[in-house]
K.L.:
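My structure is below; once you've seen it, I'll send some questions.
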Amino acid sequence: MSGLISLTTDFGTIDPFVGIMKAVILGISPKTRIVDLSHEIEAQNILQAARVLSASAQWFPKGSVHLAVVDPGVGSNRRALAVKSDGHFFVAPDNGILSTVLNEKSKIYALDKPKYFMKNVSGTFHGRDVFAPVSAWIAKGTPLPMMGTQIYDPILLDIPKIKTDKGQLTGEVIAIDRFGNLATNILQNDIVKNFPPSSELIVRIGGKKIAGPFSCYNEARPNTGACLINSTSVLEIFCNRGNAEKKLKLKVGTTVTLTEKH
Amino acid sequence: MSGLISLTTDFGTIDPFVGIMKAVILGISPKTRIVDLSHEIEAQNILQAARVLSASAQWFPKGSVHLAVVDPGVGSNRRALAVKSDGHFFVAPDNGILSTVLNEKSKIYALDKPKYFMKNVSGTFHGRDVFAPVSAWIAKGTPLPMMGTQIYDPILLDIPKIKTDKGQLTGEVIAIDRFGNLATNILQNDIVKNFPPSSELIVRIGGKKIAGPFSCYNEARPNTGACLINSTSVLEIFCNRGNAEKKLKLKVGTTVTLTEKH
Amino acid sequence: MSGLISLTTDFGTIDPFVGIMKAVILGISPKTRIVDLSHEIEAQNILQAARVLSASAQWFPKGSVHLAVVDPGVGSNRRALAVKSDGHFFVAPDNGILSTVLNEKSKIYALDKPKYFMKNVSGTFHGRDVFAPVSAWIAKGTPLPMMGTQIYDPILLDIPKIKTDKGQLTGEVIAIDRFGNLATNILQNDIVKNFPPSSELIVRIGGKKIAGPFSCYNEARPNTGACLINSTSVLEIFCNRGNAEKKLKLKVGTTVTLTEKH
C-alpha cells in the first residue's frame with residue numbers, strides 16, 4: 001500500500017459530495033492521503049474519466065488506490081468493481097470507466113460483501129456508501145478476494161481505434177482541454193510501430209496539413225496549427241500562444257492522419 | 001478530537017483565501033487533516049452553507065471541527081461563534097449559518113479571547129484571523145469555555161417550514177444542484193410522520209403530478225419529472241438522464257405537495 | 001522545513017495535471033502536506049500568480065516551499081529557479097513570476113542537476129517533471145546549492161509603480177476578484193510614507209471621488225463606491241453588499257489618486 005487514494009468524479013465542487021466521500025475514507029483509514037484528480041468530469045462522460053485514469057495512475061507510487069465515480073447507473077443492478085492492475089488498485093462502477101487501465105493480467109472483483117460498505121446503502125450515492133469505504137479498506141490492506149468475487153467480463157468502452165492503410169495512420173480527436181489543445185487517439189507507440197525511426201512525418205487534421213511534430217510548444221510558429229507528442233505520450237494538436245480548438249475550428253471526432261514525407 | 005477540520009466558504013477557488021486559511025490552521029496544528037466541503041457557496045448565501053453543513057457533518061468522525069465562513073457582516077460587531085452540537089464542533093459567524101445544526105442541547109460560545117486569534121485582526125478577513133486559528137485550537141483540544149462566553153440567543157435563519165392540512169403535506173423547492181436536481185424542504189421523516197407506512201403517495205410540483213417516489217434514479221422513465229428520497233434523506237425532484245430544473249422549468253420556491261392515493 | 005508545499009498554477013481543475021504533480025511530490029516526500037493556493041490563474045497571467053504568492057507566502061510557517069507554475073515558455077531554454085527569500089522557498093520558471101517575493105537578500109539558483117528531476121523530462125510539462133520533484137526534495141531538506149547554480153539576474157516583471165507629485169499619490173487598479181472588489185498597486189506602507197498619520201484623505205478613481213478609506217466593508221453606505229486597506233495591506237475599491245467592478249464600471253489600469261483634505 002502507498003497510503004494514497006486518488007479521486008476522479010463528475011460531482012463538481014459546488015456540492016459537498018466529494019468532501020463527504022473524504023470524510024468516509026478518513027473515518028475508516030485516518031492516515032490515508034487523498035489526491036483529487038478531477039471532479040469536473042463532464043456529467044456522465046465515462047470516456048473522459050477513463051482517460052484521466054490512464055494519464056494519471058502511472059505517476060502515483062505502486063499500491064495506490066484510484067477511486068473513480070461517474071455512475072449514471074447508480075442504484076441499478078450494475079456491478080461495483082475493485083481491480084488490481086499493473087500494481088495499482090482501482091475502485092469504480094462496472095460501466096467501462098476502467099477500460100483504459102485493464103489488461104489481460106488485471107484481477108477484477110465484483111464487490112458483494114456489504115461488511116465493507118456503509119451500513120445503509122442508499123440508491124443514489126454509492127460514491128459515499130460503497131466506493132469510498134471499499135477504497136479505504138483496500139488502502140488499509142484488505143485483500144481484494146475478501147471483498148468480492150472474481151469476474152472476467154467487465155464492461156469495456158468502444159474507444160475509437162486507429163487505422164493503418166498503405167503507409168497512412170488514421171486517428172481522430174478524442175478530447176479538448178481548457179487551453180484548447182486537442183488530444184488524439186494516436187499514441188507515441190503507434191507512431192514508433194508504423195514509421196521508421198528517422199522518418200519525417202506529415203500530419204493532417206481535417207485534411208489540412210499542420211506543422212510538427214515538435215518537441216515543445218515553443219518551437220512552433222505562434223498562432224498556427226501544430227502538433228507534438230504531449231506529456232502523456234499522446235499526439236496533441238495545439239497553437240503556440242493560442243487556442244487550437246478555436247483557431248482551427250476543430251472538434252472531438254475530427255480525423256487526423258500521419259504519412260511519411262518522401 | 002478526530003483530527004479533521006472541514007471548510008465551507010463562499011471564497012471561491014480563484015483567489016488564495018482558502019489556501020491562506022489552511023496555512024494558518026496548519027501553522028497552529030500541523031497534524032490536522034483538512035477536508036473541503038465547498039468553497040463555491042453563492043456569494044453571501046447563508047442558507048446554502050447551512051444546508052451543506054447539515055448534509056455533511058454527520059459523515060465525519062465525532063470530534064471533527066466544521067469551519068463555515070459566509071460572512072457579509074465581517075468587521076461589524078456580529079459575534080463569532082464556537083459550538084458543540086451532537087459530538088461535532090462548529091466555528092462560524094453568528095448570522096444563521098449554523099441554524100441547521102443547532103438544537104436545544106447545543107453549547108454555544110461567543111468567541112472573545114483574542115489570544116486564540118491572529119495577532120492583528122483585520123476588518124475584512126476573519127476567516128484567516130479568527131475562524132481558522134480558533135478551529136485549529138479546538139482541533140488541538142482547547143475546551144470551548146476557555147475560548148468564549150456561553151450564549152443562548154444565536155441568530156437563526158427563517159427556513160421555510162412544511163405545512164400539513166387535511167392529509168396534504170406542502171413544502172417547497174429550496175435548492176438546485178449542478179445536475180439540475182431540486183432539493184425540497186420535505187424530509188423522509190416528515191413523510192414517515194404524516195402518512196401510514198404502506199401508503200401510495202401522489203407528488204405534485206407546481207401543481208403538476210410527477211412519478212415516484214422511486215428508490216433510485218434509474219427506476220424512473222428517462223426525461224420525465226420524478227422524485228425520490230435522496231442520499232441526505234431529503235425529497236428530491238429529478239429527471240433520469242436529464243436536467244429537471246430545465247425540463248420542468250422549476251425554481252427555488254416552487255410548491256411541492258404530497259397526498260395519499262385512495 | 002515546515003513540511004508544507006503550496007501550489008499556484010494556471011492548470012485549472014478539470015484536467016488531472018495538478019493531481020499528477022501531487023502524486024510526484026508524495027512519491028518523493030510522503031509526509032509533505034500540500035496546500036492549493038490557486039489553480040485558476042488566468043492562462044499565462046504571470047502577474048496574477050506573482051500577486052497570489054506575495055499575498056499568501058507570509059501566512060505559511062517559515063521553511064515552507066511555494067511551487068508556482070505559469071509557464072508559457074515550457075520546453076524552451078528559459079531557466080528553472082529555486083529561491084530562498086525571507087525564510088521561504090520558491091520553485092518556479094524564470095519568467096518574472098517571483099518578482100513580488102524577491103529582494104536584495106534572496107538567494108536564487110538556476111536548477112541544473114537532472115538527478116532532482118523526473119527521469120524523462122518532457123518538453124511540455126515541467127510542473128510534473130522538474131518543479132514538483134525539486135519542491136519535494138527541498139521539502140525533504142536538500143540544500144539549494146546542491147540543486148543548481150547561483151544566479152543574480154532573474155527576470156523581473158515590469159509591475160506598474162505608484163507616482164507621487166505635489167502631495168498627490170497616483171496608482172492604478174491591478175486586479176479584480178470574484179466579488180468585483182478591485183485591488184490597486186497602492187500599499188498601506190505607501191500611504192504611511194506619503195501622508196501624515198492623522199491626515200484625512202480624498203480617494204478618487206477614474207477621477208471620481210469615493211468614500212473611505214474605511215476599516216471594514218460594513219462601514220460604507222451600501223452600493224456606493226468605497227475603499228479600505230484590505231487584509232493583504234493593499235488599497236482596495238469595493239461596494240458594500242454590491243459589485244464595485246460593475247457598479248463603478250472600472251477595470252484593470254484605471255487610475256487611482258490620493259490627496260490630503262485641507
K.L.:
Sequence neighbours left out, what pairs pass salt bridge (charged side-chain N to carboxylate O under 4.0 Å, His left out) with at least one residue falling in residues 115-141 of chain C?
P.N.:
none
K.L.:
Is the CG atom of C:D153 crowded by more than 12 outside heavy atoms at less than 6.0 Å?
P.N.:
yes
K.L.:
Can you tell me if A:E200 has over 12 outside heavy atoms packed within less than 6.0 Å of its CD?
P.N.:
no
K.L.:
What's the separation between atom CG in C:D15 and atom OG in A:S56, rounded to the nearest 0.5 Å?
P.N.:
9.5 Å
K.L.:
Indicate the atoms forming the closest heavy-atom contact of A:S38 with C:T13, along with that distance.
P.N.:
OG-O, 3.5 Å
K.L.:
Please identify, among C:S76, C:P16, C:G73, the residue contributing the most non-hydrogen atom pairs under 4.5 Å to chain A.
P.N.:
C:P16
K.L.:
State, with a plain yes or no, whether a side-chain heavy atom of C:R33 is found less than 4.5 Å away from one of A:R33.
P.N.:
yes
K.L.:
Quick one: closest heavy-atom pair of C:F11 and A:F179, and the distance?
P.N.:
CA-CZ, 4.3 Å
K.L.:
Report which part of A:D177 has an atom under 4.5 Å of a heavy atom belonging to chain C: side chain, backbone, both, or neither.
P.N.:
both
K.L.:
Decide if atom CG of A:N103 counts as having more than 12 heavy atoms of other residues, nucleotides or ligands within a radius under 6.0 Å.
P.N.:
yes
K.L.:
Going by residue number, which parts of residues 40-53 of chain A are within reach of chain C, meaning a heavy-atom gap below 4.5 Å?
P.N.:
A:E40, A:Q48, A:V52
K.L.:
Mind checking the CG-OG spacing from C:L26 to A:S6? Nearest 0.5 Å is all I need.
P.N.:
12.0 Å
K.L.:
Could you check whether any side-chain heavy atom of A:W59 comes within less than 4.5 Å of a side-chain heavy atom of C:M118, counting everything from C-beta outward?
P.N.:
yes
K.L.:
Quick check for you: to the nearest 0.5 Å, what is the distance between A:C216 atom SG and C:F125 atom CZ?
P.N.:
15.5 Å
K.L.:
Side-chain contact, heavy-atom cut-off 4.5 Å: C:V74 with A:N218?
P.N.:
no
K.L.:
CG of A:N230 to OG of C:S122: how many Å apart, nearest 0.5 Å?
P.N.:
8.5 Å
K.L.:
Do other residues, nucleotides or ligands put more than 12 heavy atoms under 6.0 Å from C:K113 NZ?
P.N.:
yes
K.L.:
By a 4.5 Å heavy-atom criterion (distance strictly below it), what part of C:H126 contacts chain A: side chain, backbone, both, or neither?
P.N.:
neither
K.L.:
To the nearest 0.5 Å, tell me how far C:I14 CD1 sits from A:L37 CG.
P.N.:
14.0 Å
